[in-house]
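Quick note: residue numbers are just sequence positions, from 1. Here the structure is a predicted model, which is why all the values come from computation and not from measurement.
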Amino acid sequence: MIRILHVDSERSWRGGQNQILLLMRRQRARGDDPLLVAPPGAVLSERAKGEGFRVRPVAMRGTWDLASVVALARIMREVRPDVVHWHAARAHAIGAMASLLDSAPARVLSRRVQFPVRRSLGSILLYTLPVDRIAAISSAVRGALVRSGVDAAKIEVVPSGIDRAPDPDPALRLTLRRSFGIEDGDTLAITVSALAPGKGHRQLLRASATASVRAPMLKLWIVGAGPLERELRMETGALGLEARVQFLGFRTDIQALLHAADFFCLATQSEGLGSSILEAMSAGLPVVATRVGGIPEIVEEGRTGILVPGSDPAELAAAMEQMALSAGLRETMGASSRRRAALFSADRTAEGTYRVYHAALSLRGRADGAEGRLTL
């Protein structure tokens with residue numbers, strides 16, 4: 001058994017938090033001992049506790065929160081983990097400083113964002129602090145780190161993974177569509193992401209308005225919550241899309257919603273990989289998305305979806321129109337999507353993460369200890 005201390009500083013629930021919980025489940029199933037450090041009341045913290053995981057609260061109020069550094073170092077001395085695994089920028093900063101006070105565990109960082117490391121003094125200092133291995137969720141993320149001056153030898157690509165979607169329930173699909181006023185002749189697009197800057201919701205709304213001129217059957221569900229919701233609702237009204245676009249808010253029944261839709265859209269301007277796309281593909285949906293970050297590593301152009309430039313609403317509209325008008329295209333691409341998504345399982349992500357742990361433990365000279373118990 002190895003003991004892994006996961007450290008996450010995020011309070012909301014996004015793709016990264018889902019990846020942590022999927023990983024912890026598999027680590028426990030293998031007989032290992034995953035623990036979580038997270039801010040009090042964080043969504044991940046509450047869900048992990050609900051599943052019986054040990055969770056220790058640390059506020060992590062700011063990147064250089066020295067009180068949290070001391071608190072985390074105290075937990076590390078008490079728990080004595082074999083590996084400490086940081087999952088967000090703030091967790092990285094606080095964890096790296098805490099490791100200066102207790103340098104025993106192997107130190108691993110997950111990097112899930114595609115943009116380069118900022119050139120501020122704080123960011124430069126952060127990446128000079130100790131880390132044994134970095135797990136990048138895509139080649140695009142790895143490339144951004146290397147271009148920022150991070151040692152390429154420390155970075156391994158470990159793509160995000162998902163649980164396989166259950167088979168669709170035709171009765172539930174029909175019930176959900178009818179409950180939201182989706183008619184038999186409508187083609188329903190769905191997007192799932194935080195309503196936050198950089199996710200491209202405005203471009204998606206404008207593209208929907210353009211596409212609906214020649215594809216009047218097109219409807220759109222926007223699933224997610226965030227700071228831009230009010231502005232996006234106003235934009236919907238200004239574009240005259242109130243009858244076509246529905247805001248569903250934060251939902252826990254994502255798989256059922258995906259099965260009720262006909263294709264998936266993501267107009268993000270930057271994406272490490274796109275676990276929401278993987279979930280949609282696993283549900284058998286074809287994809288219309290921007291060609292940014294790690295998205296081309298999962299969406300096969302012309303086979304599982306249509307990719308468009310990140311800043312071209314006209315091409316996005318054309319792709320949505322093409323998908324809305326062709327049931328045959330949706331069926332063919334949807335079947336390919338489901339097969340493709342099977343390559344990105346949470347089990348494979350766990351296997352790749354253990355390889356990163358193995359390398360980090362080797363660097364720490366622990367070959368006769370925890371590393372020897374890592375079976376892949």
Side-chain angles (χ1 to χ4, degrees), residues 1-61 65 68-69 71-96 98-99 105-113 135 137 158-164 192 194 224-225 250-255 272-273 275-276 278-279 345-354 356-357 370 374:
M1 180 193 76
I2 66 167
R3 180 166 293 146
I4 307 109
L5 185 66
H6 295 277
V7 184
D8 184 56
S9 52
E10 300 302 300
R11 287 166 170 78
S12 61
W13 181 264
R14 300 180 74 168
Q17 287 61 56
N18 186 51
Q19 290 297 305
I20 298 168
L21 192 55
L22 289 172
L23 178 59
M24 291 177 68
R25 288 171 184 163
R26 281 154 177 81
Q27 289 173 340
R28 180 167 62 184
R30 294 169 70 122
D32 291 323
D33 185 17
L35 300 86
L36 174 67
V37 171
V43 179
L44 174 60
S45 173
E46 297 305 310
R47 293 192 182 186
K49 284 190 287 188
E51 295 191 17
F53 290 104
R54 288 189 289 162
V55 179
R56 300 291 295 271
V58 173
M60 293 185 269
R61 293 186 180 91
D65 180 354
S68 291
V69 171
L72 179 57
R74 186 180 299 119
I75 292 170
M76 290 166 62
R77 285 193 295 268
E78 176 189 336
V79 170
R80 307 312 302 171
D82 299 297
V83 177
V84 61
H85 189 160
W86 309 317
H87 290 277
R90 187 176 297 173
H92 177 198
I94 291 170
S99 74
R107 299 154 299 193
V108 171
L109 168 68
S110 279
R111 178 79 174 180
R112 295 188 171 93
V113 292
I137 65 169
V158 182
S160 301
I162 58 170
D163 284 329
R164 184 181 183 276
V192 181
F250 179 82
R251 304 278 297 213
T252 58
D253 57 344
I254 299 299
Q255 285 297 333
L273 186 68
S275 58
S276 64
L278 288 174
E279 290 183 355
S345 70
D347 289 339
R348 287 193 177 188
T349 301
E351 292 169 4
T353 303
Y354 273 100
V356 173
Y357 291 172
L374 284 173

Least distance between heavy atoms, Glu51 atom then Arg25 atom
OE2-NH2, 2.6 Å

If we only count heavy atoms from C-beta on, is the Arg77 to Ile75 side-chain gap below 4.5 Å?
no

Step through the shown structure and confirm whether more than 12 heavy atoms of other residues, nucleotides or ligands are within 6.0 Å of CZ on Arg14.
no

Tell me whether Glu46 is salt-bridged to Lys49, with the criterion being a basic N under 4.0 Å from an acidic carboxylate O.
yes

Side chain proximity check, Leu35 to Val79, heavy atoms < 4.5 angstrom
yes

Looking only at non-hydrogen atoms, find the nearest pair between Gln19 and Ser275 and report the distance.
NE2-CB, 4.1 Å

So do Leu278 and Leu273 actually touch side chain to side chain, heavy atoms under 4.5 Å?
yes

Considering non-hydrogen atoms only, spot the tightest contact between Ser45 and Val55 and give its length.
OG-CG1, 3.4 Å

Has Arg251 got more than 12 heavy atoms of other residues, nucleotides or ligands less than 6.0 Å from its CZ?
yes

Regarding Arg26 and Asp163, does a basic nitrogen lie under 4.0 Å from an acidic carboxylate oxygen?
yes

Given side chains that start at C-beta, do those of Leu21 and Trp13 come closer than 4.5 Å, heavy atoms only?
yes

Heavy atoms, side chains only, cut-off 4.5 Å: are Val7 and Val84 in contact?
yes

Looking only at non-hydrogen atoms, find the nearest pair between Pro40 and Ala59 and report the distance.
CD-CA, 4.0 Å

So do Phe53 and Leu44 actually touch side chain to side chain, heavy atoms under 4.5 Å?
no

When you look at Ile20 and Met24, which way does the side chain to side chain contact (heavy atoms under 4.5 Å, CB included) test go after all the steps?
CA-CA 6 Å; Ile20 298 168; Met24 291 177 68; 3.9 Å; yes

Test your reading of the model: is there a side-chain donor-acceptor pair from Thr353 to the backbone of Thr349, 3.5 Å cut-off?
yes

Is any side-chain heavy atom of His87 closer than 4.5 Å to a side-chain heavy atom of Gln17?
no

Looking only at heavy atoms, what is the nearest atom pair of Ser9 and Ala91, with distance?
OG-N, 3.1 Å

Looking only at heavy atoms, the pair that brings Ile2 and Asp82 closest together is CA-OD2, 3.3 Å

Would you sort out whether Met60 and Val37 count as a side chain to side chain contact (heavy atoms under 4.5 Å, CB included), showing the intermediate values?
CA-CA 10 Å; Met60 293 185 269; Val37 171; 4.1 Å; yes

Mind checking the CD-OG spacing from Glu351 to Ser345? Nearest 0.5 Å is all I need.
7.0 Å

With sequence neighbours excluded, residues passing side-chain hydrogen bond (donor to acceptor under 3.5 Å, both in side chains) with Arg56
Glu78

With sequence neighbours excluded, tell me which residues meet side-chain hydrogen bond (donor to acceptor under 3.5 Å, both in side chains) with Glu10.
none

Measuring from atom CZ of Arg30 to atom CE of Met1, what distance do you get when rounded to the nearest 0.5 angstrom?
14.0 Å

With sequence neighbours left out, what residues match Ser68 under side-chain hydrogen bond (donor to acceptor under 3.5 Å, both in side chains)?
Asp65

Tyr357 and Asp32: side-chain donor and acceptor closer than 3.5 Å?
no

How about Gln27 and His85: does a side-chain donor come under 3.5 Å of a side-chain acceptor?
no

